[in-house]
Number of protein chains: 2
Amino acid sequence: MRNRVREARLARGLSQADLAEALGVSRQTVISIERGRYLPSLPLAFRIARFFGSTVDAMFDMDESKRSS
Amino acid sequence: MRNRVREARLARGLSQADLAEALGVSRQTVISIERGRYLPSLPLAFRIARFFGSTVDAMFDMDESKRSS
DNA sequence: CCGTGATGTCAAGCGACCTTGACCTTCGTC
DNA sequence: GACGAAGGTCAAGGTCGCTTGACATCACGG
């Protein structure tokens, strides 16, 4: 599962702290999502996608081959 | 936050148990999501959307006006 | 009347998401 | 060298997603 949060953030010239505040989450959460420590919840995924003017499906691509089953 | 899981399931003539098995989750999980008890995780949201040949954004619409904050 | 399929509730437990707070390193600048 | 901004780690704690298992209801066919 890859996500384009980091590149979208850098494209806007924002720091992790800036993005965290804009999304209403902690800086830890932004770090953890960017680094793939865990996946955002569905509501947070929507806020991220909308903040960057994108869609959940475009921001996070689920790789079918990586199903943990 | 509304979702179209129930109507998509009924449109295919599937029971909750059928859908649960197809998604690899428990029947409780399907019931809880359909009834709005809680939101699916991001991976499960993707599996649901793909199972029904749709997108996460189309299956679950986040209502901006219903932000809990 | 009895059984079965479909939907639903409740409860206990586990792990993932998210928080706060303390601390570290690197880089640029004064 | 001292400072601040940015990215990162670690730990403890709370809430939510998901599980299993037991049980209740309603409609239906035998």
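Letters go in sequence order (proteins before strands), and every chain restarts at 1.
Here the nucleotide nearest the side chain of B/E34, chosen from C/dG8, D/dG7, D/dT9, is C/dG8. Comparing C/dC10, C/dT19, D/dC18 by their nearest atom to the side chain of B/S41 picks out D/dC18. The listed nucleotides are D/dG17, D/dC18, C/dT7; the one nearest the side chain of B/V25 is D/dC18. The side chain of A/R9 approaches D/dG7 more closely than any other nucleotide in the set C/dC18, D/dT9, D/dG7.
The distance between atom CZ of B/R35 and atom C1' of D/dG17, rounded to the nearest whole Å, is 18 Å. Whole-Å rounding puts the A/R27 CZ to D/dT9 P distance at 11 Å. We find that CG of B/L39 is positioned 15 Å from C1' of C/dA16, with the value rounded to whole Å. In this entry the distance linking CD1 of A/I31 with C1' of D/dA11 reads 15 Å, nearest Å. Atom CG of B/L42 is separated from atom C1' of D/dC18 by 15 Å (rounded to the nearest Å).
If you check every strand for non-hydrogen atoms under 4.0 Å, A/S26 touches a base.
A 6.0 Å sphere centred on CZ of B/R12 holds more than 12 heavy atoms belonging to other residues, nucleotides or ligands.
Between the base of C/dT7 and the side chain of B/Q28 there is no donor-acceptor pair shorter than 3.5 Å.
Panel note: side chain B/R4, backbone B/A58; a donor-acceptor pair is recorded below 3.5 Å.
Using a cutoff of 4.0 Å between basic side-chain nitrogens and carboxylate oxygens, B/E21 and B/R27 are not scored as salt-bridged.
For A/S26 and A/T29, the side-chain atoms include at least one donor-acceptor pair closer than 3.5 Å.
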